[in-house]
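These values consider heavy atoms only, across backbone and side chains, with no hydrogens, waters or symmetry-generated copies.
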Amino acid sequence: MRWAPHGYGGKRREPDDIKRAGWQTQGVLVIDANDERLTWPERELIRQLGEKLYGGKPRHQEGRHE
């Protein structure tokens, strides 16, 4: 007989289910800035909020070593 501690094994929750529960129980919103369910203005708002709160995405520069 195989036994696994609670929380290990079994069925994994879908990412959208986890995001929904986070919003409904804790008011935490997790959004993919490229989510195709959103309109362009909505995606742009998400991008602007992310940059305001957390700064811009780091720019990857190939070939530069300093």
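- Shown are E51, E44, K52; of these, the side-chain hydrogen bond (donor to acceptor under 3.5 Å, both in side chains) with Q48 is made only by E44.
- Residues L29 and L38 are members of one and the same hydrophobic cluster, defined by side-chain heavy-atom contacts under 4.5 angstrom among Ile, Leu, Val, Met, Phe, Trp and Tyr.
- Taken together through direct or relayed side-chain contacts under 4.5 Å among Ile, Leu, Val, Met, Phe, Trp and Tyr, I31 and I18 form parts of separate hydrophobic clusters.
- A donor-acceptor pair under 3.5 Å links the side-chain atoms of E42 to the main chain of T39, judged by distance alone.
- The CG atom of D32 lies 6.5 Å from the NZ atom of K19; values are rounded to the nearest 0.5 Å.
- The two residues R43 and D35 have their closest heavy-atom pair at CD-O, 3.6 Å.
- R13 contributes atom CZ, which lies 10.0 Å from atom CZ of R20 (distance to the nearest 0.5 angstrom).
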